[in-house]
Amino acid sequence: MADVIEADGLAILPGRITPAEQRALAEDIRKIIKKAPLFQPVMPRTGKPFSVEMTNCGPLGWVSDRAGYRYQPNHPVTGRPWPAIPERLVKLWQDLGAPAEPEACLVNIYAEGARLGMHQDRDEATFDAPVVSVSLGDTAVFRLGGTERRGPTRSVRLASGDVVVFGGPSRLIYHGIDRVLSGSSRLIDGGGRINLTLRRVNPF
DNA sequence: AAGTTTCG
DNA sequence: TAGA
């Protein structure tokens, strides 16, 4: 189980999602991927591919391509609107005391070997709402820094069912995924990790 | 091995 | 500067 941290608007909530709810969520995501297929984002300018695959649900989805990072209402490949955010995730958002309703839910899929470099979630037009992150499947080695790119970082393991809330002064904290511990969970057929990130994009 | 900095 |  991950360490409990709760300070400066950052909360790491080990086991916040029950195993039954984790299974239901994994099934929700399977259906979302069927409607909104995974795509491989690339870095702005360089075109270097991410090692994670992505899709979204909600009125807006986060995408990255050569032109940059942005939120958009349609899938970059199919052109269709993103599927709705599952009701159980909207309820989680509300239960955690987050305002209004989430507008975007980024779905990051980590196969074995996938990583995500240190970054801030700063493409939103408002930082007044927290970012809520849900881990499913294999345990991740999560790296957590401060609001400045340089400075000390710490490593925290995030297991299936853990929830991280980035709020208040911690809303713009640097974070990333160093590595996924393959075979550490049986939640997802074929292994791997799913991360769900609920966000408010526009002021409420 | 883990954490930090640099490069493109 | 969500990669290496």
Closer than 3.5 angstrom, by distance alone: can the side chain of [X] be matched with the main-chain N or O of [Y] as a donor-acceptor pair?
X      : Y      : value
A:D162 : A:G15  : yes
A:E103 : A:V201 : yes
A:D65  : A:A67  : yes
A:T147 : A:L172 : no
A:D138 : A:G192 : yes

Would the number of heavy atoms belonging to other residues, nucleotides or ligands and lying under 6.0 Å from CG of A:D95 be above 12? yes
Neighbour count above 12 (heavy atom, 6.0 Å) for A:E112 CD: no
Any residue in residues 108-123 of chain A with a heavy atom nearer than 4.0 angstrom to DNA chain C? Just list them by number, or reply none. A:R115, A:L116, A:G117, A:M118, A:H119, A:D121, A:D123
So A:P41, base contact, sugar-phosphate only, or nothing? Heavy-atom distance under 4.0 Å. nothing
Assign A:T153 to base, sugar-phosphate, or nothing according to its heavy-atom contacts below 4.0 angstrom with the strands shown. sugar-phosphate
Beyond-backbone contact of A:R70 with A:D123, side-chain heavy atoms, under 4.5 angstrom: no
Any strand: nucleotide that pairs with B:dA1 via Watson-Crick or wobble, under 3.5 Å: none
Rounded distance in Å - NE2 (A:H175) to P (C:dG3): 11 Å
For the pair made of CE in A:M43 and P in C:dA4, what is the distance, rounded to whole Å? 9 Å
Could you go step by step and tell me if A:E21 and A:K91 meet the salt bridge (charged side-chain N to carboxylate O under 4.0 Å, His left out) rule? CA-CA 12 Å; A:E21 284 284 295; A:K91 181 172 189 301; over 6 Å; no
Boundaries of the chain A footprint along DNA chain B (any atom under 4.0 Å from a heavy atom): B:dG3 to B:dT5
In which ranges does DNA chain C form stems of 3 or more consecutive Watson-Crick or G-U pairs, distances under 3.5 Å? none
Can you tell me how far CZ of A:R66 sits from CZ of A:R45, rounded to the nearest 0.5 angstrom? 12.5 Å
How long is the gap from CD1 on A:I85 to SG on A:C105, to the nearest 0.5 Å? 5.5 Å
